[in-house]
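Take a look at the structure set out below.
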Amino acid sequence: MASASSSSRAVMLWLLPLATLTAIDANTHAQREARLKLSQQELKNGSAVYWRGGTSGGFQVLLLDEDRGRLLIGGKDHIYMLRSDSVDLPLSTVSWTADPSAVRHCLTIGKSFHDDCANFVRLLQSLNDTHIYACGTGAFRPQCAILSIQNKEALSLLPHTITSGLGKCPYSPKEPFTARLNDGEVYAGTSVDFMGTHAAIFRTSVGAPGRHLRTEAYDRNWLNVPEFVASVAIADTHNSDDDKIYFFFREAAVEAQQWDKRIYSRVARVCKNDVGGRRSLINRWTTFLKARLVCSVPGPSGVHTHFNRLEDVFVLKTKERQNPVLYGLFTTSSALFGGSAVCAFSMASIRAAFNGPYAHRDGPDHRWFEYKGRIPYPRPGACPSKTYDALHESTRDFPDEVVSFMRQHQLMWEAVLPVGGRPMFTRVNASHLLTSLVVDRPDIGDGTTVVLFLGTDDGKVLKVVTSETEEIVLEELHVFQSGAAIRSMKISSKKVRR
Ligand SMILES: *[C@@H]1O[C@H](CO)[C@@H](O)[C@H](O)[C@H]1NC(C)=O
Ligand SMILES: *[C@@H]1O[C@H](CO)[C@@H](O)[C@H](O)[C@H]1NC(C)=O
Ligand SMILES: *[C@@H]1O[C@H](CO)[C@@H](O)[C@H](O)[C@H]1NC(C)=O
């Protein structure tokens with residue numbers, strides 16, 4: 001089998017949008033670089049699997065929970081549950097529509113009945129073995145609910161659990177968005193108005209609807225027209241007080257010149273135990289910091305070619321819980337060339353940026369520079385910890401000067417540079433752009449070899465092997481005959497049942 005050639009282990013990919021497949025001639029779109037080209041027929045025997053069910057369309061979110069043997073798919077007005085090891089028809093399908101009054105209102109504000117005014121499910125997370133948390137756009141009136149699973153196979157929505165999804169889910173099915181559930185709280189990067197112009201990073205509670213924490217509203221230094229890409233919980237040290245949630249997004253760069261509408265990619269973080277300030281920054285993050293993520297190719301004259309637009313992030317676990325490797329997929333907004341690149345980032349380099357100097361400017365019309373003044377204690381952005389500092393058990397105990405420093409300094413001065421100082425894979429001037437990635441570390445080899453699966457905007461998946469010395473495009477999988485872009489992929493290392 002062709003697809004088994006690169007790695008000793010069976011790999012299964014779940015891809016969005018899910019599509020019904022028919023065989024095509026792979027050679028008609030052949031790329032010279034690919035060592036192997038697989039048609040959809042071959043694929044069905046190989047390394048990707050497809051699901052033919054689900055007529056609703058509008059698929060936006062996959063929840064693969066292999067430990068519990070389930071795969072959930074969120075679509076338009078529907079949630080489907082499948083066994084994670086099978087490509088059979090769904091075990092269970094739940095219909096979850098928007099409130100009719102929301103649909104009517106959605107139409108009166110000029111939105112489309114088919115493309116906007118329905119409940120597009122955008123968040124699916126496991127609460128525990130038997131319950132799922134879901135949020136949908138609710139025809140431009142976001143809503144969330146809990147679903148229960150009986151006997152591991154019957155999914156049902158609990159109507160009394162339906163609540164507002166404000167701060168948890170966007171209004172629009174098209175808005176870039178990220179959210180994750182962590183210890184009963186939803187961390188989300190989303191807009192909170194139907195125009196989609198006002199976005200923030202929120203923490204809201206599943207159990208206690210009134211409680212929330214967020215980034216400051218209408219302050220461009222915190223977030224400047226952000227487009228969210230991903231979020232992940234990463235422990236920083238062995239002390240759980242240091243646990244943080246990281247957000248990845250792109251935004252208009254405040255530190256670039258005013259006339260230069262430049263887009264930068266960012267990594268931001270907040271402490272899980274942040275509860276906001278006492279006198280100032282009430283219900284606001286007191287630990288929010290962000291840094292620029294750079295993925296660029298150094299040129300001969302020292303000028304870098306920047307891949308500035310972050311499109312996707314994959315977190316590859318390592319033996320150390322605190323130190324996963326983060327892979328970012330970037331494209332460019334350059335008018336001169338089109339291209340995509342993959343850069344790897346170590347947690348050490350991300351932490352170094354957050355532990356380094358802050359960026360500062362004296363006012364909106366001033367230039368940014370490296371802040372060299374006095375830094376108050378405890379260090380702004382550090383999490384409070386009972387273990388190490390009994391005086392500052394909570395962010396409400398932070399001295400006023402720390403809180404006031406946090407009001408003025410969200411941006412770090414140093415950018416985060418990729419491992420090796422350059423991308424590990426680039427594709428420039430090709431017929432397609434890369435849209436999504438997952439990464440596998442095969443059991444074989446020296447431990448530095450990774451396999452990248454890269455989804456394209458014309459319905460393909462490239463399988464690329466990279467090591468410290470080389471990059472090889474092993475396969476080009478033609479997944480969607482329609483040429484639809486690959487928006488989301490999940491990778492499974494468990495075997496597929498056929
Ligand atoms: C796929 O597998 C089936 C049965 O295992 C085999 O008959 C068929 O020839 C295979 N197709 C391709 C394209 O390899
Ligand atoms: C799972 O979560 C649901 C909803 O929060 C809760 O009602 C249920 O008791 C939980 N089950 C277990 C076993 O913790
Ligand atoms: C990409 O195409 C542009 C315009 O045709 C060209 O100037 C540039 O050199 C090409 N870049 C690469 C890396 O091939």
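Both ligands and their constituent atoms are indexed starting at 1 by order of listing. Because only heavy atoms are used, hydrogens play no part in the values below, and waters and symmetry mates are left out as well, while side chains stay in.
- Evaluation of the disulfide (SG to SG under 2.5 Å) test over residues 204-243, restricted to residues two or more places apart or in two chains, returns none.
- Listed for the Ser436 side chain is a donor-acceptor partner under 3.5 Å among the backbone atoms of Ile486.
- Ring geometry, Phe247 versus Phe228: the interplanar angle exceeds 60°, so the pair is classed perpendicular (tilted spans 30 to 60°).
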Could you check ligand 2 for N or O atoms lying under 3.5 Å from protein N or O atoms and list the pairs with distances?
from     : atom 1 : to     : atom 2 : distance (Å)
ligand 2 : 2 (O)  : Asn128 : ND2    : 2.4
ligand 2 : 11 (N) : Asn128 : ND2    : 2.9
ligand 2 : 14 (O) : Asn128 : ND2    : 3.4

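- Checked against Trp222 for a ring-ring contact (aromatic ring centres under 6.0 Å, His included), the options Trp285, Phe249, Phe288 give a single hit: Phe288.
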Exercise for the section: Quick one: do Asp99 and Ser101 satisfy side chain to side chain donor-acceptor pair (under 3.5 Å)? Show the steps, please. Expected result: CA-CA 5 Å; Asp99 192 271; Ser101 73; 2.7 Å; yes
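- Disulfide status for Cys144 with Cys135: present, SG atoms under 2.5 Å apart.
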